[in-house]
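Source: prediction; values computed, not measured.
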Amino acid sequence: MGSEKPNFLSQPVVKNIFMFRNGDPFYEARRMVINEKRVGNFETLLREVTGGIQAPFGAVRNIYTPRGGHKVEHLESLQSGEQYVAAGKEKFKKLDYLDIGTRKKRMMQTLPIQARPLPQNRIIVSARFLKPIKEPCTIFVVANSDMLNPPIRLLIHQRMMGQFDRILELITEKLGLRVLGGVRSLYTYEGQQVNDGDKLECGQLYVAVGRERFKKLPYSDLLFTRPKGTRRIRG
C-alpha cells in the first residue's frame with residue numbers, strides 16, 4: 001500500500017476576473033485569467049493587468065472594487081467572476097463602472113434606424129457578391145472648455161473617415177459659435193490629439209479645439225451628469 005493518493009489541493013488556482021480602467025467611462029471590462037502558477041504575487045498581477053488593459057495612464061499600480069472604491073492589496077483577495085478597477089498612481093475615480101456596457105448599448109439604440117446594422121438573417125446574398133459592410137462611426141464631441149452644454153452626437157460615414165479636414169468642417173457646422181474661428185484640431189477627452197479620421201473610435205468622446213490650446217477638464221462628466229443651474233442650449 002505504498003502508492004500515494006493524488007493531492008487535488010495542489011492544483012494551481014485559476015481565477016477569471018474583469019478589469020475596468022480607472023476613470024474611463026467608455027472602456028468595457030476586459031476579462032483576464034489569473035493562473036496562480038504564473039501569477040504568484042501581487043506585483044506580477046499588476047504587470048499582467050498593465051499589459052492586458054493598456055491604459056493611457058501607463059503602468060497599473062492599484063486595483064479597486066468598482067462600487068465602493070476599496071483598495072485590493074493581496075492576490076488572495078481577488079474573487080473569481082468579480083469586477084475590479086485598475087488604476088495608476090492617481091486616486092480612484094468614482095463612476096458607474098458596472099453600467100458601462102449597457103450604457104453604450106443604449107447610446108447605439110438612439111441612432112436612426114437607417115444607421116443601425118441589419119440583422120444577418122435579413123440579408124440574403126449570393127456568396128460571390130458578399131463584401132464586408134463598414135458601419136458608420138458615431139462619436140460625441142464637446143467644445144473646448146465648454147462645461148455647460150452637452151456633447152453633440154456625430155455620425156461619420158466610412159467614406160469620410162479618410163477626409164479628416166472634412167470631419168473638422170462637419171464638427172464646426174454642428175458646434176456653431178461654441179468654437180470661435182472654427183474647429184482646427186481634435187483631442188480625446190484625456191488630452192491626446194487625433195490627426196487621422198481612421199483613428200476615431202466609435203462611441204468615444206472628443207474635444208473640438210479652435211485657435212486656443214486644449215484645456216483639460218472633466219468632459220466625460222457631461223455624458224452622465226448635467227451641472228445644476230445649467231440649461232441645455234439647442235442648435
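Note: the hydrophobic cluster containing Leu46 also contains Tyr27 (ILVMFWY, side chain heavy atoms under 4.5 Å, direct or indirect links). Under the 4.5 Å side-chain contact rule for hydrophobic residues, Leu95 and Phe18 do not share a cluster.
The shortest distance between side-chain heavy atoms of Leu200 and Leu186 falls below 4.5 Å. Contact of the Leu170 side chain with the Met160 side chain is registered, since non-hydrogen atoms from C-beta on lie closer than 4.5 Å. Between Ser220 and Glu190, every side-chain heavy-atom pair lies at or beyond the 4.5 Å cut-off. Residues Ile139 and Gln204 fail the side-chain proximity criterion, which asks for heavy atoms closer than 4.5 Å. Leu75 is not listed as a side-chain neighbour of Glu36, based on a closest heavy-atom distance of 4.5 Å or more. Side-chain contact between Thr172 and Val179: absent, with no pair of heavy atoms (C-beta onward) separated by less than 4.5 Å.
A search for salt bridge (charged side-chain N to carboxylate O under 4.0 Å, His left out) contacts involving Arg38 returns Glu48, not counting sequence neighbours. Applying the salt bridge (charged side-chain N to carboxylate O under 4.0 Å, His left out) criterion to Glu169, with sequence neighbours excluded, gives Arg166. Qualifying side-chain contact (heavy atoms from CB on, under 4.5 Å) partners for Asn195, counting only residues two or more places apart in sequence or in other chains: Gln193. For Tyr187, the ring-ring contact (aromatic ring centres under 6.0 Å, His included) partners are Phe214, not counting sequence neighbours. Remark: Tyr64 pairs with Phe92 by the ring-ring contact (aromatic ring centres under 6.0 Å, His included) rule, at least two apart or across chains.
Nearest heavy-atom pair, Ala143 versus Arg178, reported as atom, atom and distance to 0.1 Å: CB-CB, 3.8 Å. The two residues Met19 and Val49 make their nearest non-hydrogen contact at CG-CG1, 3.8 Å. Across all non-hydrogen atoms, the minimal contact from Arg159 to Gln163 is O-NE2, 3.5 Å. Shortest non-hydrogen contact noted between Phe20 and Gln83 is CE1-CB, 3.9 Å. Residues Asp198 and Gly162 approach most closely at OD1-N, 4.1 Å, considering heavy atoms. Counting all heavy atoms, side chain and backbone alike, Met147 lies closest to Tyr219 at SD-CD2, 3.9 Å.
When atom types are taken as modelled, the side chain of Tyr206 and the backbone of Glu201 share a donor-acceptor pair closer than 3.5 angstrom. Remark: the backbone N or O of Val72 is not paired with any side-chain donor or acceptor of Ser77 at under 3.5 angstrom. Side chain of Thr50 to backbone of Val60: a donor-acceptor contact under 3.5 angstrom is found. With hydrogens and angles ignored, the 3.5 Å screen pairs no side-chain donor or acceptor of Lys174 with any backbone N or O of Ile152. Between the side chain of Asn16 and the backbone N or O of Val33 there is no donor-acceptor pair closer than 3.5 Å. No side-chain donor-acceptor contact under 3.5 Å links Asp196 to the backbone of Lys199.
Here CG of Asp96 is found 8.0 Å from CZ of Arg67. Values are rounded to the nearest 0.5 Å. Taking CG of Leu78 as the start and CD1 of Ile63 as the end, the distance is 6.0 Å to the nearest 0.5 Å. Taking CZ from Arg21 and CD1 from Ile53, the interatomic distance works out to 6.0 Å, rounded to the nearest 0.5 Å. Atom NZ in Lys15 sits 14.0 Å away from atom CE in Met32 (nearest 0.5 Å).
Residue pairs meeting the ring-ring contact (aromatic ring centres under 6.0 Å, His included) criterion with at least one partner in residues 151-176, sequence neighbours excluded, are absent.
With Asn144 as reference, Glu212 is the one residue of Lys216, Arg213, Glu212, Lys215 to meet the side chain to side chain donor-acceptor pair (under 3.5 Å) rule.
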| request: For the pair Phe26 and Phe140, evaluate ring-ring contact (aromatic ring centres under 6.0 Å, His included) and give the outcome as yes or no after the intermediate values. | output: CA-CA 11 Å; Phe26 303 103; Phe140 297 86; 7.3 Å; no

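Of the N and O atoms on the side chains of Arg47 and Thr44, at least one donor lies less than 3.5 Å from an acceptor on the other residue. Side-chain contact annotation: Tyr97 with Asn22, donor-acceptor N/O pair under 3.5 Å present.
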